[in-house]
Amino acid sequence: MAKELSKTYDPSEIEDRIYQRWLEKKYFHAEVDPSKEAYSIVMPPPNITGQLHMGHALDGTMQDILIRYRRMQGYSALWQPGTDHASIATEVKITNKLKEEGIDKHELGREGFLKKAWQWREEYGGRIVEQQKKMGFSADWDRQRFTMDEGCSKAVKEVFVRLYEKGYIYRGNRIVNWCPVCHTSISDAEVEYEEQHGHFWHIKYPIVGEDGYVEIATTRPETLLGDTAVAVNPDDERYTHLVGKMLKLPLTDREIPVIADSYVDREFGTGCVKITPAHDPNDFEVGKRHNLEQINILNDDATMNDKCGKYAGMDRYEARKAMVEDLDKLGLLVKVVDHVHNVGTHDRCKTTVEPMVKKQWFVRMDELAKPALAAIQNGDLQFVPESFGKTYTHWLENIRDWCISRQLWWGHRIPAWYCDDCGEVIVSRDTPDTCPKCGSHHLTQDPDSLDTWFSSALWPFSTLGWPDETPEYKYFYPTDVLVTGYDIIFFWVIRMVFSGYEQTGKSPFHTVLIHGLVRDSQGRKMSKSLGNGIDPLEVVDKYGADALRLTLMTGNAPGNDMRFYWERVESSRNFANKVWNASRFIMMNSEGVDTSAVTLDTLEDSDRWMLSKVNRLAKDVTANLDKYELGIALQKVYDFIWEEFCDWYIEMVKPRFYQSGNEKSRAAACWTLKTVLIQALKMLHPYMPFITEEIFCNLQDEEESIMVSKWPEYREDWNFAQTEDTIERMKEAVRAIRAVRTSMNVPPSRRADVYVVAEKPEVRKAFEDGMDYFKALGYAENVRIQADKTGIAADAVSAVTADAVMYMPFSDLVDADKEIARLEKEEKRLAGELKRSNGMLNNEKFLSRAPKEKVDEEKAKLEKYQQMMDQVQKELAHLKKMSK
RNA sequence: GGAGAUAUAGCUCAGCUGGGAGAGCAUUUGCUUGACGUGUAAAAGGUCGCAGGUUCGAGUCCUGUUGUCUCCACCA
């Protein structure tokens with residue numbers, strides 16, 4: 001036992017040591033154990049390029065709390081960690097790094113690049129894991145996985161082939177979002193819309209064979225070169241006569257038709273729309289309906305291609321400028337109007353995406369979405385908070401086919417091969433060597449790789465060994481809860497759910513616990529560009545992981561954002577210090593005290609009160625945790641420890657340690673202090689793992705770690721409701737005395753003689769029993785307990801509670817007017833309560849319709865307030881008489 | 001355009017199934033009591049956005065309304 005604990009808690013010397021010990025003891029490791037119930041959470045895999053940020057810290061803390069809680073409850077609790085290869089993020093990062101070294105990615109070639117990428121992963125991929133460990137996360141690191149490891153890659157291939165064979169994966173020419181910087185297609189979910197100030201260019205398209213023209217308005221004049229029609233609404237009388245006629249496309253020698261399509265909004269712009277099927281998703285659809293040619297005018301880097309005549313080779317914006325100038329010279333530019341519109345950008349690099357027609361692989365979503373939708377309706381899947389289920393449903397109901405191919409090297413290569421001789425497409429788990437159609441051996445694998453989310457969608461089961469029926473898969477799958485931010489529902493949660501149903505027949509988890517964003521103190525999103533991010537590791541360094549975890553969890557409600565303040569971390573640190581010092585007090589005073597003879601019967605009332613309180617706390621906190629109310633559970637533990645345990649119980653107990661003699665009483669106090677503290681520490685442990693472990697190990701010898709100790713359970717023999725009530729009344733009496741003293745500016749050093757007047761014998765007994773602490777807490781010199789006012793000075797100051805009045809003779813301090821004012825204020829307050837209570841009890845409908853217990857409760861309140869009122873009025877009358 | 005969230009003390013936020021408004025920080029005034037001043041005691045501070053409704057009873061449920069925020073869709 002550490003006897004020389006420092007006065008303030010210093011996490012820095014403790015956290016790493018404890019974490020190492022946990023690792024050595026393999027406490028984080030979860031085994032397949034049929035004698036236990038399984039509980040599992042898969043950790044959202046952070047990108048290997050990532051650094052731990054506040055979002056990770058919050059997300060991980062919540063998971064760690066759930067896992068530690070269940071582990072202590074006796075579950076075989078697996079927290080499955082791992083990292084994500086993050087294809088595009090990583091590829092961009094490595095490409096840039098190579099560039100700095102003067103190496104061009106394309107010169108390296110695919111193999112060379114991948115070699116570099118793997119090297120990079122070896123070097124930096126584990127960085128974030130080390131940071132997670134600093135947070136105290138109890139994930140099963142022995143089971144770490146990587147989305148591109150052998151097993152996960154096997155799962156990816158398996159799923160691809162299965163979906164292909166079912167016809168759910170297809171390859172086709174579609175409009176995709178193309179990132180000209182990353183040179184790859186991206187999915188709809190990766191496009192971020194950003195409001196930009198642009199222009200509307202109104203351009204004339206002359207009618208062939210007539211003098212007139214059609215005026216169109218466009219925000220992207222350069223796409224004119226890819227126009228293959230101009231569309232008008234079929235019901236728009238202004239233009240019906242033009243339908244079917246040809247227009248001369250400016251700056252080219254092409255002629256394009258005027259077509260009618262209901263897609264066109266008559267009210268918007270000029271009511272005439274240029275149709276560019278190769279570079280606009282809507283136009284693509286229109287083009288298909290009218291069999292229009294698709295003319296791609298862009299290279300992959302968004303420069304104009306060789307179909308663009310004099311503009312070929314120009315960047316898209318250069319070409320725009322040049323073309324507008326040329327149109328103006330030709331007299332075809334009518335006007336330029338300022339226009340604010342949303343422009344799609346790539347969420348990784350913020351480049352404006354270009355819609356382009358490309359041959360890509362897609363997942364057909366309609367069938368896959370069905371069971372995922374049903375799950376939320378039939379309750380197999382629930383969101384906490386519930387409202388996010390609506391977001392989920394809305395997204396699924398409007399889901400479009402998922403573009404899964406990426407023109408990247410870092411990632412899972414698409415398991416499709418093309419026969420060089422006959423063009424046959426072969427999709428296979430293993431590399432084929434002959435074409436099944438023509439027998440050729442000249443096969444070329446598709447160069448593309450898969451969207452990162454294709455592999456993360458399988459994470460809950462690929463990490464457990466699927467597609468093999470491993471013991472882990474059978475035991476831990478489906479997992480229990482998925483914890484994530486609301487920003488990731490579309491990218492990830494939905495894809496995991498439909499993949500889970502399709503591949504395993506089950507939802508991969510029954511609950512999705514959603515948390516909000518950690519924002520800066522002004523409520524702004526923490527971001528690199530703003531430079532307002534706070535590094536969780538910096539917080540850990542300064543205040544300890546426990547303090548950070550506590551900060552992130554206090555007042556945290558599911559789905560709600562929170563703001564980060566250093567002041568909040570400080571108050572968390574203060575709480576840690578409080579816990580530390582309470583423990584220090586107990587250890588200092590329990591030395592040499594033999595508690596072996598203590599039984600429930602030898603406890604005093606204050607001990608029973610405390611035991612009963614912590615007992616109910618266990619019940620409440622457990623219920624809250626089961627409902628994922630992590631913030632509420634924490635609040636209860638926090639309040640219990642600080643207020644009830646430290647400010648009341650420890651103070652009540654002190655006299656028993658400082659008086660000589662009465663070993664029995666001291667032993668009872670000692671036992672209760674330790675027992676209650678241990679219970680409270682256990683409940684605090686999921687939130688503050690380090691400090692609770694440190695204290696736990698110093699405080700007792702029976703168990704080797706709080707991590708694997710038993711979670712507190714409610715027990716009937718610790719329920720002392722009656723005693724709780726008694727002590728609460730004693731607390732009330734103490735508070736009343738303190739309030740009176742403060743109002744009279746009596747310093748604690750000035751002890752008073754206190755006369756307690758109580759009619760009821762049981763009340764007098766409570767004061768007798770609690771004499772020692774009552775004296776200490778109420779700053780009393782002598783206490784006399786009696787049934788009436790005999791022998792009390794007429795000018796003694798009174799403090800009133802429901803069933804007792806306490807008198808203190810402070811003749812030199814009494815200011816009658818102030819006293820009257822104080823009592824009148826109290827009288828006013830009580831009058832309000834009485835009015836409310838009487839109002840309810842005189843209400844016939846309340847008496848007849850409210851539950852009986854509520855009525856009884858109210859009657860008891862009325863009685864209490866009435867008693868207090870009587871006393872206050874009596875004192876007032878007395879005072880007024882005296883002061884005359 | 002569609003959907004959702006939120007509105008509670010000076011600030012930041014809790015408030016579970018409806019039954020006497022809470023915390024932290026900040027503020028005021030005390031306290032060298034032998035765990036802790038990273039402490040302790042007492043206090044001040046709110047018409048729970050606004051208007052209706054349901055109910056014996058609404059911060060809590062319903063409707064409308066206003067402000068703020070977010071997501072989705074997107075009109076060339």
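Here is the naming used below: chain letters follow the sequence lines, and residue numbers restart at 1 for every chain.
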Let me spell it out: for each of A/Val746 and A/Ala189, pick the nucleotide of RNA chain B with the closest heavy atom. Which residue's pick is nearer the 5' end?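 Final value for this comparison: A/Val746.
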
Which residue, A/Lys845 or A/Glu643, contacts RNA chain B at a nucleotide closer to its 5' end, judged by nearest heavy atom? A/Glu643

What residues, two or more places apart in sequence or in another chain, satisfy ring-ring contact (aromatic ring centres under 6.0 Å, His included) together with A/His339?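 With neighbours one apart ignored, the set is A/Phe200, A/His341.
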
Got a sec, which residues hit ring-ring contact (aromatic ring centres under 6.0 Å, His included) with A/Trp395, two or more places apart in sequence or on another chain?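 Here the qualifying residues are A/Phe490.
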
Once you apply a heavy-atom cut-off of 4.0 Å, does A/Pro385 come out as touching a base, just sugar-phosphate, or nothing? nothing

Mind checking if A/Trp580 touches a base, just sugar-phosphate, or nothing, with heavy atoms under 4.0 Å?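 Nothing: the residue A/Trp580, judged by heavy atoms under 4.0 Å, touches no strand.
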
How close do [X] and [Y] get, heavy atom to heavy atom, and via which atoms?
X: A/Thr270; Y: A/Tyr239; answer: O-OH, 2.6 Å
X: A/Met54; Y: A/Ile534; answer: CG-O, 3.6 Å
X: A/Val653; Y: A/Phe657; answer: CG1-CE1, 3.1 Å
X: A/Ala582; Y: A/Ile650; answer: CB-CD1, 4.0 Å
X: A/Lys674; Y: A/Ser590; answer: CE-OG, 3.8 Å

Any salt bridge (charged side-chain N to carboxylate O under 4.0 Å, His left out) involving residues 549-565 of chain A? Give me the pairs, sequence neighbours left out, ordered by first then second residue. A/Asp64-A/Arg549, A/Arg519-A/Asp561

How would you list all residue pairs meeting salt bridge (charged side-chain N to carboxylate O under 4.0 Å, His left out) that involve residues 735-744 of chain A, not counting sequence neighbours? none

Given atom [atom1] of [X] and atom [atom2] of [N], what is their separation to the nearest angstrom?
X: A/Glu629; N: B/G15; atom1: CD; atom2: P; answer: 8 Å
X: A/Ile632; N: B/C13; atom1: CD1; atom2: P; answer: 17 Å
X: A/Asp620; N: B/U17; atom1: CG; atom2: C1'; answer: 14 Å
X: A/Glu567; N: B/U12; atom1: CD; atom2: C1'; answer: 10 Å
X: A/Leu396; N: B/A73; atom1: CG; atom2: P; answer: 13 Å
X: A/Lys636; N: B/G15; atom1: NZ; atom2: P; answer: 11 Å
X: A/Leu630; N: B/G15; atom1: CG; atom2: P; answer: 12 Å
X: A/Asp639; N: B/G15; atom1: CG; atom2: C1'; answer: 12 Å

Using a 4.0 Å heavy-atom cut-off, write out nucleotides 2-7 of chain B from 5' to 3' as B (base contacted by protein), S (sugar-phosphate only) or - (no contact). --SS--

If the sugar-phosphate is the primed atoms plus P, OP1 and OP2 and the base is the rest, what is the B/S/- string for nucleotides 35-40 of chain B, using protein heavy atoms under 4.0 Å? BB-BSS

What N/O pairs connect the protein and nucleotides 43-46 of chain B at under 3.5 Å? Give each pair on its own line.
from: B/A44; atom 1: OP1; to: A/Lys825; atom 2: NZ; distance (Å): 2.9

Whole-angstrom distance between [N] and [M], as gauged at atom [atom1]:
N: B/A3; M: B/U63; atom1: P; result: 13 Å
N: B/A7; M: B/C16; atom1: P; result: 11 Å
N: B/G18; M: B/U60; atom1: C1'; result: 6 Å
N: B/U8; M: B/U47; atom1: P; result: 12 Å
N: B/G15; M: B/C75; atom1: P; result: 40 Å
N: B/A58; M: B/A51; atom1: C1'; result: 15 Å
N: B/U40; M: B/G34; atom1: C1'; result: 15 Å
N: B/A9; M: B/C48; atom1: C1'; result: 10 Å

Side-chain N or O of [X] less than 4.0 angstrom from OP1 or OP2 on [N]?
X: A/His341; N: B/A76; answer: yes
X: A/Arg563; N: B/C13; answer: yes
X: A/His339; N: B/C75; answer: no

Under 3.5 Å, N/O pairs linking protein and nucleotides 61-67 of chain B:
none

Quiz question: by atom type and distance under 3.5 Å, do the side chains of A/Asn574 and A/Glu570 form a donor-acceptor pair?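 Short answer, no.
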
Could you tell me how the ring of A/Tyr9 sits relative to the ring of A/Trp580: parallel (under 30°), tilted (30 to 60°) or perpendicular (over 60°)?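 Tilted: the ring planes of A/Tyr9 and A/Trp580 meet at 30° to 60°.
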
Describe, in one word, how the ring planes of A/Trp566 and A/Phe564 are oriented to each other, choosing from parallel (under 30°), tilted (30 to 60°) and perpendicular (over 60°). perpendicular

Audit row: A/Glu858, A/Arg836, salt bridge (charged side-chain N to carboxylate O under 4.0 Å, His left out) steps and yes/no: CA-CA 10 Å; A/Glu858 205 51 47; A/Arg836 188 192 55 79; 3.4 Å; yes

Taking it one step at a time, do A/Glu644 and A/Lys731 satisfy salt bridge (charged side-chain N to carboxylate O under 4.0 Å, His left out)? CA-CA 11 Å; A/Glu644 305 291 2; A/Lys731 283 168 63 181; 2.8 Å; yes

Writing each nucleotide of RNA chain B 5' to 3' as (, ), [, ], | or . by Watson-Crick or G-U pairing under 3.5 Å yields (((((((..((((.....[..)))).(((((.......))))).....(((((..]....))))))))))))....

Please determine, for the side chain of [X], which listed nucleotide ([options]) has the closest atom?
X: A/Phe490; options: B/C71, B/A76, B/A42; answer: B/C71
X: A/Ala557; options: B/A14, B/C31, B/C11; answer: B/A14
X: A/Ser571; options: B/A76, B/G24, B/A41; answer: B/G24
X: A/Arg735; options: B/C74, B/U29, B/A42; answer: B/A42
X: A/Asn624; options: B/A76, B/C71, B/C16; answer: B/C16

Counterpart residues, side-chain contact (heavy atoms from CB on, under 4.5 Å), relative to A/Thr228 (two or more places apart): A/Arg254, A/Pro277, A/Leu292, A/Glu293, A/Ile295

Run the numbers on A/Ile14 and A/Ile691 for side-chain contact (heavy atoms from CB on, under 4.5 Å), then give the verdict. CA-CA 8 Å; A/Ile14 286 172; A/Ile691 189 173; over 6 Å; no

Those residues that, when tested against A/Tyr687, pass side chain to side chain donor-acceptor pair (under 3.5 Å) (two or more places apart):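 Side chain to side chain donor-acceptor pair (under 3.5 Å) check on A/Tyr687 returns nothing, list empty.
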
I'd like to check the side chain to side chain donor-acceptor pair (under 3.5 Å) partners of A/Asp265; sequence neighbours left out, ordered by chain and number. none

side-chain contact (heavy atoms from CB on, under 4.5 Å) evaluation trace for A/Ile175 with A/Asp280: CA-CA 7 Å; A/Ile175 280 268; A/Asp280 182 282; 5.7 Å; no

